Amino acid sequence: MTLVFPRACVGIKQSVFYRKISFLYATSYTLKLPKGVNPKFSDPPNRFYTFSDSSPSSDMSKYKLPTIVRPSLYQLYLYPDLSTGLFSGTVNVSLEISESTQNIILNSNGLTISSVSVDSESVDYSLEPEYERISITKKDGGYFNTSTQNLVIEFNGDMTNRIVGLYTSSYTGTDGNVTTIATSKFEPTYARQAYPCFDEPNMKAKYIVQLVKPKADNYIALSNYPVSGIDTLDDDNEVVTFQESVSMSTYLSCFIVSDFTYTNTTFNNSGNQTELRVYASPGNLDKTTYAGEVAKKVIEYYVEYFGIPYPLPKLDMVAIPDFVSGAMEHWGLVTYRETALLYTNTTHSTANKQRVATVIAHELAHSWFGNLVTMDWWNDLWLNEGFASYIEYKGTDAAEPTFQMMTQFQTSELHSVLSTDATLSSHPIVVTVTTPDEITAIFDAISYNKGASILRMLENTVGEDNFKTGVTSYLNKYRFGNAVTKDFLDEIEAAVPSASYNVSELMDTFTIQMGYPVVTAVYDSSSQNYTLTQKRFLKDPNATYDSDTTYGYKWTIPITYTTDQGVSSEPIIFSHNVDSITIQKPSNANWLKFNSEQVGYYRVNYEESEWLNLINIFNEFSTADRTHLLEETFSIAEAGLLSYGIPLDLSKKLANETEYAPWSVASSKLQSLALYLDSSEQNDNFKTYVKNIVTNAYSNFTWNESSDDSHLRRLTRVVVLTLACVVDHEDCINQAQEKFNNWIVNTEEALSQDLRSIAYKYGMVNANESTWYKLLEVYEAETDANEKLKLINGLANVNNEDLLLRLIDLAKNESVVRGQDYFTVLGYISGNKAGTDLIWDFVRENWEYLVDRFTLNDRYLGSMITTITARFTTQDKLDEMEEFFAKYPNAGAGASSRSRALENVQQRINWLANYKTAVENWIVAVSN
């Protein structure tokens with residue numbers, strides 16, 4: 001599954017964020033909590049407390065099903081009534097019972113059960129809503145024995161006012177009419193909202209599905225497998241039966257009834273041709289071609305890479321108007337947000353195009369990692385998501401080599417999680433989760449980004465061929481079954497028989513511990529040796545924690561380096577159980593930089609003299625190494641381990657930079673400093689400095705595009721122009737305003753796909769009420785999902801509180817802002833200095849409305865807290881957050897986001913106290 005990123009939905013893939021941590025800490029802490037807060041679990045130190053998502057009386061064992069009763073086949077009949085929004089159904093489950101039992105227990109949530117029978121015998125049942133399950137017993141209190149065969153349940157439910165389980169979605173056609181469809185989204189624990197089932201990943205079973213659809217010719221029914229027959233139900237409806245599927249987890253089942261149309265192609269599946277279709281609403285059909293072209297190339301690459309054919313007889317991809325995630329890997333019927341699947345070169349930006357390609361590559365990777373072999377329990381979610389998040393770069397690179405995706409890994413995947421994982425509110429990759437809220441919450445940066453990052457490091461350590469051999473062996477060994485992290489690592493280990501290190505132990509130090517190390521390199525010029533030591537890297541240098549864990553927050557680190565003579569031939573293993581290692585600089589090398597191209601999941605700090613040497617030769621490094629040095633110096637300085645003069649001196653080198661990745665890092669880091677210096681007397685001087693270093697790049701890229709511009713040049717132009725506008729570069733602001741003013745007079749003349757977001761945003765800053773409402777009219781008339789997000793970001797950037805309050809009110813209306821985009825819009829407004837307090841006040845005053853509308857199980861509701869407090873830098877705001885959390889202590893899937901938000905704000909307060917003066921002094925010096 002691909003997540004959605006508030007405030008970045010129209011951009012390139014960014015941090016995947018936020019986690020549940022109340023159950024993650026292996027150590028205990030003591031803490032004075034705000035009045036009224038009673039957390040159930042151990043807490044991190046200082047202010048950062050967490051909240052339980054289950055009641056004090058919960059029996060945690062009941063959240064998992066007994067294993068003595070398992071399904072082997074679901075015969076499922078579903079009737080989604082599009083006219084009423086209600087649905088009914090019958091499920092006949094073939095059972096395998098390993099030993100006699102008085103109870104058959106399976107999952108059901110929010111369904112009305114009308115009858116239950118076992119082997120045609122009526123039985124008793126009771127619902128346990130807290131545990132989302134149904135318990136079935138014989139009327140005479142007897143036992144179900146191993147010869148029991150069939151469980152039949154009739155049920156019904158409601159598809160409206162929801163965006164998970166089985167639900168309705170709608171769109172407005174070119175004729176102005178609204179069309180309703182039924183669709184589903186089940187990961188991680190929502191299949192139980194559509195039909196009673198054994199809703200756990202290791203309870204795999206086959207499916208025979210029947211869906212009722214309107215008889216009208218334009219309506220179709222889709223499921224994981226091809227159609228085997230269609231029969232008349234009544235005058236208005238017919239029943240579509242699908243072929244029996246392979247064995248799969250419940251969260252991978254999918255059902256759609258719609259009037260969608262498709263474009264199609266086929267792909268080479270180990271010598272056979274398999275059909276590939278891309279479905280969308282009729283008005284969006286012309287936007288499906290690119291997705292089909294990319295998917296064909298990607299999946300053919302995967303078939304060859306894994307050495308295993310795509311296992312199903314067909315592959316459908318569908319753009320859903322309302323979809324809570326970015327996409328979902330339902331096997332054979334992959335569903336996407338429209339923004340993640342639809343693209344045309346006349347409407348969408350370069351970033352939109354890359355987003356479509358990478359999301360497709362991510363979801364199709366799941367056909368092997370996740371679907372063919374599934375994690376045994378959600379503890380090992382990273383086996384699904386970390387792998388798909390890494391392999392998507394290979395898949396996209398195969399389909400679109402000009403995107404240079406492997407060089408984008410640092411900025412798109414690694415850097416954001418290095419920031420997240422340097423906090424006490426992080427969590428290990430492999431982590432115990434039990435409740436639905438806990439499970440939902442770990443779909444985050446750790447499972448996705450960190451998982452991908454350590455796999456990249458592992459492949460670099462063991463070698464590409466060995467890694468590929470181990471992956472294929474793992475998939476073959478556990479195909480159609482389930483596995484745990486050890487199973488995967490054992491197969492990689494077996495592929496590297498002559499290694500001088502233990503693969504599992506190396507990876508364990510990164511999977512069962514949160515965080516990562518900073519390696520300190522001390523150079524002895526007389527011996528030309530570097531002595532390396534390590535410790536845990538944290539943004540807060542004064543943070544305290546219990547290091548009495550399995551590895552004591554030490555890591556087994558594969559050390560690499562690059563010199564002017566080349567890259568080290570193989571990694572040097574810095575074991576967790578030694579205090580230091582010594583590495584000799586090659587005798588003919590003039591310089592040495594550790595962690596070549598930032599492939600390792602660790603940081604490196606040098607003595608100041610060594611940093612100055614690296615700055616002097618900055619232009620000699622590869623793009624990846626330049627990117628690394630920029631990100632590393634700012635991050636280490638933020639943690640108090642390095643003078644801010646080093647990264648700021650290094651930033652001078654940007655005056656001659658033209659590549660995307662370094663500018664991407666620089667833009668992020670410099671904008672962070674701009675926030676800190678917003679009220680500083682040196683604010684204007686800082687902006688002048690940034691304008692000076694961005695001027696060459698601004699003059700290079702300009703607002704003038706060329707058909708010959710490469711993919712990365714187009715992306716770099718957007719980054720450079722955006723940074724220039726942020727620091728009030730006069731020409732940039734004037735150009736944005738002029739382009740917007742010309743366009744708003746005649747909106748039929750479309751702006752550049754890549755530059756329109758900048759024009760909308762900065763053209764609207766000082767817009768009057770009339771202009772704002774005209775842009776609102778354009779937004780409401782627009783039907784393209786990507787374009788609507790760009791337009792509403794413009795509406796959210798106006799420097800007028802009354803208009804922002806109007807937008808906040810409008811956003812509550814589903815006909816104006818779809819529920820899937822609601823938190824994105826709140827994030828846009830909060831990112832506007834004029835809207836930060838407005839959104840914070842709105843959320844606090846309307847929390848009960850938000851919970852009622854989205855539920856506490858919605859991780860996007862929880863993660864919103866981190867987004868809307870991202871500009872907070874004062875103790876007063878931190879106090880307000882604590883008071884709000886104390887008033888509403890039940891955070892559900894958002895518990896970890898609260899802890900992270902508190903920690904982030906405290907870190908910003910600390911930064912202002914510890915580093916602001918040093919940065920101001922540097923600005924004064926460079927300005928004179």
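Everything numeric here is computed off the predicted structure, so don't read it as measured data.
Contact annotation: the side chain of Leu677 approaches that of Ile923 to within less than 4.5 Å [non-hydrogen atoms, C-beta and beyond]. The side-chain heavy atoms of Thr339 and Arg355, taken from C-beta on, include no pair separated by under 4.5 Å. Residues Ser899 and Phe885 form no side-chain contact, since every pair of their non-hydrogen atoms from C-beta on lies 4.5 Å or further apart. Between Ser258 and Thr183 there is no side-chain heavy-atom pair separated by less than 4.5 Å. Between Val359 and Tyr336, some side-chain heavy-atom pair lies under the 4.5 Å cut-off. Using a 4.5 Å heavy-atom cutoff, the side chains of Phe323 and Met328 are in contact. When side chains are defined from C-beta on, Val694 counts as touching Trp663, because their heavy atoms get closer than 4.5 Å. Using a 4.5 Å heavy-atom threshold, the side chains of Leu789 and Tyr828 count as touching.
Thr855 places no side-chain N or O within donor-acceptor distance of the main-chain N or O of Val851, the cut-off being under 3.5 Å. For the pair Glu338 (side chain) and Ile320 (backbone), a donor-acceptor distance under 3.5 Å is absent. The backbone N or O of Val816 sits less than 3.5 Å from a side-chain atom of Tyr779, completing a donor-acceptor pair. Here the side chain of Thr866 pairs a donor or acceptor atom with the backbone of Ser897 at under 3.5 angstrom. Distance alone, capped at 3.5 Å, is enough to place a donor-acceptor pair between the Thr836 side chain and the Ser830 backbone. A donor-acceptor pair under 3.5 Å is absent between the side-chain atoms of Gln193 and the main chain of Tyr190, judged by distance alone. Put simply, the side chain of Asn904 never gets that close to the backbone of Ala870: no donor and acceptor are under 3.5 Å apart. At least one donor-acceptor pair closer than 3.5 Å links the side chain of Ser447 to the backbone N or O of Ile442. Looking only at distances, no side-chain donor or acceptor of Arg717 sits under 3.5 Å from a matching main-chain atom of Trp703. Listed for the Thr440 side chain is no donor-acceptor partner under 3.5 Å among the backbone atoms of Asp437.
Ring orientation note: the planes of Phe740 and Trp743 are tilted relative to one another, at an angle of 30° to 60°. The aromatic rings of Tyr888 and Phe884 sit perpendicular, their planes meeting at an angle over 60°, well past the 30° parallel limit. Ring geometry for Tyr448 versus Phe443: interplanar angle of 30 to 60°, hence tilted.
Remark: Asp322 does not engage Lys185 in a salt bridge, criterion side-chain N to carboxylate O under 4.0 Å. Using a 4.0 Å cut-off between charged nitrogen and carboxylate oxygen, Asp821 and Lys788 do not count as a salt-bridge pair. Taking a cutoff of 4.0 Å between a charged side-chain nitrogen and a carboxylate oxygen, Glu880 and Lys877 qualify as a salt bridge. Between Lys353 and Asp754, none of the side-chain N atoms (NZ, or NE/NH1/NH2) sits under 4.0 Å from a carboxylate O, so this pair counts as no salt bridge. For Asp684 and Lys687, the salt-bridge test fails: no basic side-chain N is under 4.0 Å from an acidic carboxylate O.
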> Going through the checks in order, is the side chain to side chain contact (heavy atoms under 4.5 Å, CB included) test met by Leu795 and Leu776?
Replying inline: CA-CA 7 Å; Leu795 292 168; Leu776 178 63; 3.9 Å; yes
> Hey, mind stepping through Arg756 and Glu787 against salt bridge (charged side-chain N to carboxylate O under 4.0 Å, His left out) and telling me if it holds?
Replying inline: CA-CA 9 Å; Arg756 64 181 60 171; Glu787 183 66 9; 2.8 Å; yes
> Do Asn734 and Glu738 pass the side-chain hydrogen bond (donor to acceptor under 3.5 Å, both in side chains) test, and can you show the C-alpha distance, the side-chain angles, and the key distance before you say yes or no?
Replying inline: CA-CA 6 Å; Asn734 290 341; Glu738 181 182 352; over 6 Å; no
>> The test is side chain to side chain contact (heavy atoms under 4.5 Å, CB included); show your working for Arg853 and Leu861 and say whether it passes.
In response: CA-CA 10 Å; Arg853 180 177 174 186; Leu861 171 62; over 6 Å; no
>> Apply side chain to side chain contact (heavy atoms under 4.5 Å, CB included) to residues Trp840 and Met881 and explain how you reach the verdict.
In response: CA-CA 9 Å; Trp840 177 233; Met881 292 167 67; 3.8 Å; yes
> Under the side chain to side chain contact (heavy atoms under 4.5 Å, CB included) criterion, do Leu673 and Trp911 qualify, and how do the steps go?
Replying inline: CA-CA 10 Å; Leu673 287 182; Trp911 191 97; 3.6 Å; yes
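Here Ile839 contributes atom CD1 and Arg871 contributes atom CZ; the two are 13.0 Å apart, rounded to the nearest 0.5 Å. Atom OG1 in Thr873 sits 11.0 Å away from atom CG in Leu878 (nearest 0.5 Å). Here the NZ-CG distance, from Lys739 to Leu755, works out to 7.0 Å after rounding to the nearest 0.5 Å. Atoms CG and CD, from Asp540 and Glu638 in turn, are 10.5 Å apart once rounded to the nearest 0.5 Å. Atom NE2 of His427 sits about 5.5 Å away from atom CD1 of Ile446, to the nearest 0.5 Å. Residue Leu775 holds its CG atom at 11.0 Å from CG of Leu803, rounded to the nearest 0.5 Å.
Between Ile865 and Ala901 the shortest heavy-atom distance is CG2-CB, 3.9 Å. Looking at every heavy atom in both residues, Gln671 comes nearest to Val726 through OE1-CG2, 3.7 Å. Gln682 approaches Asn685 most closely through the heavy-atom pair OE1-ND2, 2.8 Å. Nearest heavy-atom pair across Met159 and Ala182 is SD-CB, 4.0 Å. The two residues Arg818 and Pro321 make their nearest non-hydrogen contact at CD-O, 3.5 Å. Residues Thr716 and Phe701 share a closest heavy-atom pair of CG2-CZ, 3.4 Å.
For Asp678, the CG atom counts as densely surrounded, since its 6.0 Å shell holds more than 12 non-hydrogen atoms of other residues, nucleotides or ligands. Taking a 6.0 Å sphere around NZ of Lys833, one finds it holds 12 or fewer heavy atoms contributed by other residues, nucleotides or ligands.
Using a 3.5 Å distance cut-off with no hydrogens or angles, the side chains of Asn284 and Tyr171 do not pair a donor with an acceptor. For the 3.5 Å distance criterion, the side chains of Asp175 and Asn177 qualify, holding a donor opposite an acceptor. Arg337 and Thr2 form no side-chain donor-acceptor contact under 3.5 Å, judged by distance and modelled atom types alone. Looking only at atom types and distance, the side chain of Lys790 has a donor-acceptor partner in the side chain of Asn352 under 3.5 Å away. Using modelled atom types and a 3.5 Å distance limit, the side chains of Asp158 and Thr160 yield a donor-acceptor pair.
Of the residues Trp847, Tyr822, Tyr849, the one that meets the ring-ring contact (aromatic ring centres under 6.0 Å, His included) test with Phe854 is Tyr822.
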